[in-house]
Amino acid sequence: MSRAATVALVRWFHDPACTDVHQAGGKGASLARLAAADLPVPPGFVVTSAAFAAFLAENGIDARIRALLQRVDPTERRALEDVAADIQELILTQPLPLELDAAVAGAYAELGHGEAIPVAVRSSAVAEDSQQASFAGQQETFLDVRGVDDVLARIRACWASFFSPRALFYRVRKGSLDDLAVAVVVQQLVVPEKAGVLFTVDPVQRRPDVLVVEAVWGFGEALVSGEVTPDHYEIERGSGRLLRCFVPPKTQMLGRGATGGLIALAVPEEQQRLPVLSEAERAALVDLAVRVEAFFGVPQDVEWAIAGGELFVLQSRPITTLA
């Protein structure tokens, strides 16, 4: 099946239409815009909101899901959990449209040039990562996914996570449950030596002249999940001068095991008390912060990784606490 025939179901980051948040979701559209700006984004594609709509339509479950959502009461935990379980079962047990199956298989094969490469599969809700609300952590992210069957299974799991109890509670508090639009990002996995987050302004002190960087050895998910305490750097924007630095001892990181999967690994003893970032890497992150914020026009929360000495942008979203 040609890409032209599946353009509504799968869009590549370099496709201008992928910057449309209604098709690619907040995360997918952000990555497409970063790629269009020639920022260092690992290649990938988005399974669009149209793909999820086609899945609902082909299986005739759109109306059933909407009826279940009418029963959501955020003050009744058991009822919320029951609704979430019923909707997720519908999504996880209905067959995928053959056209979608073929579109994803073709895109995945093209991404890996015929090889079953490891990818990250991330939820990308249409309503997420606006300046008013961030859905970070509300839906699923899967790392080190290999093979088209596993990719398809993780796409379905991302859809289901849009209706988890936590996600439903957050969405009803932030507005409405009427929106059923969700996309999924499939992106070549970067296996980093170090990773972290970058705030283009200080989100606590609200100082626009200060950048805040947090960094860990290995994959940044260990930082996001709170499994490890990161290095913390506060850097003056104009001069690049290091204003404050906290370097805790580190004994564990998230890395790749002998069989290829992601596991907790011990940090080598010689690295345990070293700063994660060198002066040159801090300077590169300052430059990245200025470029990303100038591109989006508002302060950003950026996830980054360094692999093979090269700096990559994995995600960027507005800092919603400043809204």
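A donor-acceptor pair under 3.5 Å links the side-chain atoms of Thr19 to the main chain of Pro16, judged by distance alone. Judged purely by atom type and a 3.5 angstrom limit, Gln271 has no side-chain atom pairing as donor or acceptor with the backbone of Pro268. At distances below 3.5 Å, at least one donor-acceptor pair connects side-chain atoms of Asn59 with backbone N or O atoms of Pro95. Side-chain atoms of Gln300 never come within 3.5 Å of backbone atoms of Ala289 as a donor-acceptor pair (strictly under, hydrogens ignored). With hydrogens and angles ignored, the 3.5 Å screen pairs a side-chain donor or acceptor of Arg156 with a backbone N or O of Gln94.
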Verdict with reasoning, Val41 to Gln187, per side chain to side chain contact (heavy atoms under 4.5 Å, CB included): CA-CA 9 Å; Val41 177; Gln187 188 175 26; 3.6 Å; yes
Lys250 and Asp231: CA distance, side-chain angles, deciding distance, salt bridge (charged side-chain N to carboxylate O under 4.0 Å, His left out) verdict: CA-CA 9 Å; Lys250 296 167 276 289; Asp231 282 12; 2.8 Å; yes
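Ion pairing between Arg171 and Asp179 fails under the 4.0 Å rule for side-chain N and carboxylate O.
No side-chain heavy atom of Leu90 sits less than 4.5 Å from a side-chain heavy atom of Asp86. The shortest side-chain heavy-atom distance between Phe296 and Ser30 falls under the 4.5 Å cut-off. Counting heavy atoms from C-beta on, the side chains of Pro249 and Gln272 never come closer than 4.5 Å. A 4.5 Å side-chain heavy-atom check between Leu168 and Leu69 finds at least one atom pair inside the cut-off. You'll find the side chain of Phe246 reaches within 4.5 Å of the side chain of Thr229, heavy atoms only. Using a 4.5 Å heavy-atom threshold, the side chains of Tyr233 and Pro275 count as touching. Between Val313 and Trp304 there is no side-chain heavy-atom pair separated by less than 4.5 Å. Counting heavy atoms from C-beta outward, Cys158 and Phe142 have side chains that approach closer than 4.5 Å.
With Arg237 as the fixed residue, the side-chain contact (heavy atoms from CB on, under 4.5 Å) test singles out one of Val286, Val290, Val210: Val290. The one candidate from Asp149, Asp150, Asp144 that meets the salt bridge (Lys or Arg N to Asp or Glu O under 4.0 Å) condition with Arg146 is Asp144. Partner Arg282 forms a side-chain contact (heavy atoms from CB on, under 4.5 Å) with one of Ile235, Leu211, Val213 and no other, that one being Ile235.
In this structure, a donor-acceptor pair under 3.5 Å is present between the side chains of Glu293 and Thr200.
For Asp82, there are no salt bridge (charged side-chain N to carboxylate O under 4.0 Å, His left out) partners, not counting sequence neighbours. Qualifying side chain to side chain donor-acceptor pair (under 3.5 Å) partners for Glu234, counting only residues two or more places apart in sequence or in other chains: His232, Arg244. Every residue was checked against the side chain to side chain donor-acceptor pair (under 3.5 Å) condition with Tyr108, not counting sequence neighbours, and none meets it. Not counting sequence neighbours, Arg71 has no partner by the salt bridge (charged side-chain N to carboxylate O under 4.0 Å, His left out) test. Partners of Gln188 by side chain to side chain contact (heavy atoms under 4.5 Å, CB included), not counting sequence neighbours, listed by chain and number: Pro43, Ile117. With sequence neighbours excluded, the residues satisfying salt bridge (charged side-chain N to carboxylate O under 4.0 Å, His left out) with Asp62 are Arg66. With sequence neighbours excluded, the residues satisfying side chain to side chain donor-acceptor pair (under 3.5 Å) with Thr75 are Asp73. For Ala51, the side chain to side chain contact (heavy atoms under 4.5 Å, CB included) partners are Leu9, Val47, Thr48, Leu100, not counting sequence neighbours. Residues meeting the salt bridge (charged side-chain N to carboxylate O under 4.0 Å, His left out) test with Glu89, sequence neighbours left out: none.
In the displayed structure, Glu115 atom CD is contacted under 6.0 Å by at most 12 heavy atoms of other residues, nucleotides or ligands. Summarising the local packing, CD of Gln205 is surrounded by more than 12 heavy atoms from other residues, nucleotides or ligands at distances under 6.0 Å.
Hydrophobic cluster membership differs between Val145 and Phe312, with clusters built from Ile, Leu, Val, Met, Phe, Trp and Tyr side chains linked at under 4.5 angstrom. Note: the hydrophobic cluster containing Leu180 does not contain Leu92 (ILVMFWY, side chain heavy atoms under 4.5 Å, direct or indirect links). Leu223 and Val190 are assigned to two separate hydrophobic clusters, defined by single-linkage of ILVMFWY side chains at heavy-atom distances under 4.5 Å.
The two residues Val46 and Cys18 have their closest heavy-atom pair at CG2-SG, 3.6 Å. Across all non-hydrogen atoms, the minimal contact from Leu314 to Leu31 is O-CD2, 3.1 Å. Nearest heavy-atom pair, Val247 versus Leu274, reported as atom, atom and distance to 0.1 Å: CG1-O, 3.7 Å. When every heavy atom of Ser124 is checked against every heavy atom of Gly28, the shortest pair comes out as OG-N, 2.9 Å. Contact between Leu277 and Ile306 at its shortest, heavy atoms only, is CD2-CD1, 4.3 Å. Listed here is the closest heavy atom pair of Gly218 and Met253: N-SD, 4.0 Å.
Between the OG atom of Ser161 and the CZ atom of Arg122 there is a distance of 13.0 Å, given to the nearest 0.5 Å. Note that the CZ atom of Arg291 and the CG atom of Leu34 stand 10.0 Å from one another [nearest 0.5 Å]. Interatomic distance, Asp20 CG to Asp15 CG, rounded to the nearest 0.5 Å: 10.5 Å. Distance CG/Leu96 to CG/Leu152: 6.0 Å, rounded to 0.5 Å. Taken to the nearest 0.5 Å, the OG atom of Ser316 stands 9.5 Å off from the CZ atom of Arg33. Annotation: the span from Leu311 atom CG to Leu285 atom CG amounts to 5.5 Å, rounded to 0.5 Å.
Listed by first and then second residue, the ring-ring contact (aromatic ring centres under 6.0 Å, His included) pairs involving residues 21-77 are Trp12-Phe45, Phe52-Trp159, Phe55-Trp159 (not counting sequence neighbours). Among residue pairs with one or both ends in residues 302-313, those qualifying as salt bridge (Lys or Arg N to Asp or Glu O under 4.0 Å) are Glu303-Arg317; sequence neighbours excluded.
Grouped with Phe219 in one hydrophobic cluster are Leu143, Leu189, Val191, Leu254, Leu262, the linkage being side-chain heavy-atom contacts under 4.5 Å among Ile, Leu, Val, Met, Phe, Trp and Tyr residues.
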